[in-house]
Amino acid sequence: MRIVSEKNSAGFEDFKDDLEAAERRVASEIDPGARALVVAVCVFVLLGTFVLPHTGSARGLDILVASDAAHSAGLSLPSRVFVWLALVFGVGFSILALLTRRWTLAWIALAGTTVACPAGMLAVWSRQTAGADLPGPGIGLVIAWIAVLVLAFHWARVVWTRTAVHLSAEEERRRAIAVQQRRSLLDEPNPDGPS
């Protein structure tokens with residue numbers, strides 16, 4: 001009886017290792033599905049906003065490199081912060097997450113675009129409340145802000161979906177361990193009883 005129990009235990013250890021390897025693989029990967037297309041389009045739109053005017057004649061690229069056009073338009077700190085957050089997280093980490101399908105990169109893209117959302121709101125608001133001699137928000141700034149909002153929403157959905165899959169794999173592993181423990185308890189002889 002003990003030989004059968006040890007044999008089942010060794011077989012389960014192989015099965016357990018396979019389950020843990022599958023869980024680690026699932027935990028580190030994302031599958032954005034149709035959202036990948038939406039994210040890719042948003043990244044492309046966001047890249048396009050860098051050549052559009054953000055305020056007056058200052059384009060997004062002018063804000064990135066702090067050109068004379070950006071200084072003459074009187075751009076404030078929220079505009080600079082938003083443009084950099086949009087570039088690094090909205091474009092950079094979004095592309096990396098789509099190409100590598102890594103959950104960690106998707107999480108970073110989500111965190112960065114989430115921070116960029118209020119920064120974009122502040123950038124638009126600071127342009128609307130600028131002095132009478134300074135231009136208001138341009139079409140590039142407004143479109144960039146909307147693109148970042150959409151990116152944050154879709155990355156949140158992708159990360160949440162990954163979490164549901166991960167929890168399902170973890171539950172399956174727990175179930176398999178419970179079955180194995182039940183079998184080992186039934187197969188184990190009682191040391192106090194007759195042998």
Side-chain angles (χ1 to χ4, degrees), residues 1-48 81-82 84-121 144-195:
M1 190 78 137
R2 184 171 287 277
I3 295 170
V4 172
S5 175
E6 289 174 4
K7 190 182 221 184
N8 286 343
S9 179
F12 180 74
E13 288 302 318
D14 294 339
F15 179 64
K16 181 178 152 188
D17 293 341
D18 291 342
L19 276 174
E20 287 174 355
E23 185 179 348
R24 280 190 302 273
R25 183 177 44 81
V26 167
S28 66
E29 293 180 358
I30 59 168
D31 182 20
R35 292 189 188 283
L37 179 63
V38 176
V39 169
V41 167
C42 285
V43 168
F44 181 72
V45 167
L46 193 56
L47 278 172
V81 169
F82 171 69
W84 277 103
L85 287 173
L87 178 67
V88 171
F89 296 104
V91 175
F93 278 100
S94 291
I95 289 173
L96 286 174
L98 284 178
L99 291 177
T100 63
R101 305 276 187 201
R102 292 289 175 209
W103 184 80
T104 305
L105 294 174
W107 229 111
I108 293 170
L110 168 62
T113 54
T114 302
V115 171
C117 290
M121 180 191 65
W145 182 39
I146 292 170
V148 166
L149 288 168
V150 173
L151 277 172
F153 171 77
H154 284 285
W155 278 127
R157 299 291 297 209
V158 168
V159 168
W160 180 260
T161 301
R162 199 272 340 155
T163 303
V165 171
H166 182 251
L167 291 175
S168 173
E170 186 177 306
E171 179 63 30
E172 186 63 32
R173 183 174 58 88
R174 285 185 187 145
R175 212 175 287 141
I177 288 172
V179 167
Q180 191 274 334
Q181 286 176 345
R182 222 175 296 133
R183 284 184 190 156
S184 68
L185 287 175
L186 292 175
D187 293 340
E188 214 173 85
N190 188 357
D192 297 331
S195 40

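All figures in this text were calculated on a predicted structure; none of them were measured in a lab. Heads up: numbering here begins at 1 and tracks the sequence.
Looking at Leu85, Leu151, Val148 one by one, the single match for side chain to side chain contact (heavy atoms under 4.5 Å, CB included) with Cys117 turns out to be Val148.
When all heavy atoms of Thr113 and Gly90 are compared, the pair lying nearest together is CG2-CA, 3.8 Å. The shortest heavy-atom contact between Met121 and Trp145 is N-NE1, 3.4 Å.
Judged by distance alone, the side chain of Ser94 and the main-chain N or O of Phe89 form a donor-acceptor pair under 3.5 Å.
Between atom CG of residue Leu98 and atom CZ of residue Phe93 there is a gap of 13.5 Å, rounded to the nearest 0.5 Å. To the nearest 0.5 angstrom, Leu47 atom CG is 6.0 Å from Ile95 atom CD1. Note that CH2 of Trp155 and SG of Cys42 are 10.5 Å apart. Values are rounded to the nearest 0.5 Å. Atom OG1 of Thr114 sits about 7.5 Å away from atom CH2 of Trp107, to the nearest 0.5 Å.
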